[in-house]
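The block underneath contains the structure these notes are about, expressed in structure tokens.
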Amino acid sequence: MSVPQVMTPREIVSELDRYIVGQHDAKRAVAIALRNRWRRQNVTPDLRDEIAPKNILMIGPTGVGKTEIARRLAKLAQAPFIKVEASRYTEVGYVGRDVESMIRDLAEISVKMVREEERDRVKVKARENAEERLLDLLFPPPTKARRPAGITPEGDIQPVENDSHRDTREKLRKLLQQGHLNDREVEIEVAANAMPMVEVFTPQGMEEMGFNMKDLMSQIMPKKTHRRKLKMPEALEYLTQEEAARLVDMESVAHEAIQRAEQSGIVFIDEIDKIAGREASRGPDVSREGVQRDLLPIVEGSTVNTKYGAIRTDHILFVASGAFHTSKPSDLIPEFQGRFPIRVELKALEREDFIRILTEPENSLTRQYVALMATEGLGLEFTADAVSVLAQIAEQVNSRTENIGARRLHTVLERLLEEVSFSAPELSDRKLVIDSDYVHRHLDPILKDEDLSRYIL
């Protein structure tokens, strides 16, 4: 298995800083854990199996960046990554999913990742093959009966293409590559899914049987094709994808994907506090403790069967997070707590944090709204005093009602710019400056009525 190079912890933190404000401790812990995946792959084989991943538990109120750290980590990690919600495995009012399904989903992601890498590797050959197929459609080769015969050095008689045919074919190839045939249509055979959509319902814990049944039915049903006219670029793209699929060895892909999921896979379990609860004689806590005990073997290390092969979870990194408003980490069963030795606490956001969130990240909300309005030809500009007032309002509303962290900024800004968003098509080629007076004029009437602000902001 190849070992991809991973960024250093400092580089990972620096990359996370581009999108997430503050929470330095959490960023450091995640960066170290991600780098350790690479370090482990480079130690001697006899010691490699002994190095267990140090799972992380992130604790902090909602809207402070726990999920965003996980989302950005998924883009940074050159490894299979999946995010799941612990609440989907509970049995309160709903039959929860089998906990092993998270590993099966990780296997699917790993296979998709490796398959895309293999397709990229063979895309040059696939495009060449696709070009040949298109040229065969545009200018079919002469029939064998009309093709002149030649004698090979071994004495075999073999048909030889006419020089004029070859020259014409090469001229067509150049026209195709230069885009001169882009407006021309060609008729090709495309696959048609003959199997109707059939939903297979299975009992809890047997979801894998349902997936296997679907796969089996898709293999049994005949694959039909139909002829379709496509523009030349679309036809070339379709045939390239088809050729790439033929060139990729799916057995090798599955083997590599299983190895990658086992050795460098990362599972992010969100809302872990929703299953915190133990030693209850009745009520929902019984279900929560049951989910913890079901998750425990997966986190400790077990073997999960997938349709691509068995996956050992011993070296998969688990990162869990939760707000723990109504519970605390000690409410988790001791065995489960022990599998998350690294604890990091994320701090609640304050006014200064909101100001930074609105201005510093590359994907800040103010930049998003400026870009959105620019599509209508409206120049939008936020002044520093407007950003300060918006941050103050977000902090004020969070203190009055539920503290939802940075998510409050989405609600406040959407309300502030509702009229602008509606009227933007009529305001093209104009410039609108959002200053503190504009913010006060549009939001103060709502803020003065606490009951109204609870529902609107």
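These values consider heavy atoms only, across backbone and side chains, with no hydrogens, waters or symmetry-generated copies.
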So that I can tick it off, tell me whether [Y] and [X] are bridged by a salt bridge, with the cut-off set at under 4.0 angstrom between side-chain N and carboxylate O.
| X | Y | value |
| --- | --- | --- |
| K328 | D331 | yes |
| E242 | R133 | yes |
| E118 | R115 | no |
| R121 | E117 | no |
| E335 | R293 | yes |
| K431 | E381 | yes |

Least distance between heavy atoms, [X] atom then [Y] atom:
| X | Y | value |
| --- | --- | --- |
| D435 | T383 | CA-OG1, 3.2 Å |
| F81 | A70 | CZ-O, 3.2 Å |
| D273 | F324 | OD2-N, 3.3 Å |
| A31 | V13 | CB-CG2, 3.9 Å |
| R415 | L443 | CG-CD2, 4.0 Å |
| A386 | V439 | CB-CG2, 4.0 Å |

With a 3.5 Å distance limit and no angle check, can you tell me whether [X] reaches the backbone of [Y] through a side-chain donor-acceptor pair?
| X | Y | answer |
| --- | --- | --- |
| Q292 | I333 | yes |
| S110 | L106 | no |
| K66 | V64 | no |
| H315 | I51 | yes |
| H442 | Y438 | yes |

Side chains of [X] and [Y]: do they bring a donor and an acceptor to under 3.5 Å?
| X | Y | result |
| --- | --- | --- |
| R408 | N398 | yes |
| E414 | Y369 | yes |
| S321 | D270 | yes |
| Q368 | S364 | no |
| Q396 | R351 | no |
| R407 | T62 | yes |

Checklist line | K112/E116 under salt bridge (Lys or Arg N to Asp or Glu O under 4.0 Å): CA gap, chis, key distance, verdict | finding: CA-CA 6 Å; K112 181 180 179 181; E116 290 303 317; over 6 Å; no
Next item on the list: Under the salt bridge (Lys or Arg N to Asp or Glu O under 4.0 Å) rule, what do E243 and R246 come out as? Steps first, then yes or no, please.
Entry: CA-CA 5 Å; E243 288 297 322; R246 289 179 182 174; 3.2 Å; yes
Next item on the list: Verify salt bridge (Lys or Arg N to Asp or Glu O under 4.0 Å) between R312 and E262, making sure each step is shown before the conclusion.
Entry: CA-CA 6 Å; R312 288 179 57 204; E262 285 184 339; 5.6 Å; no
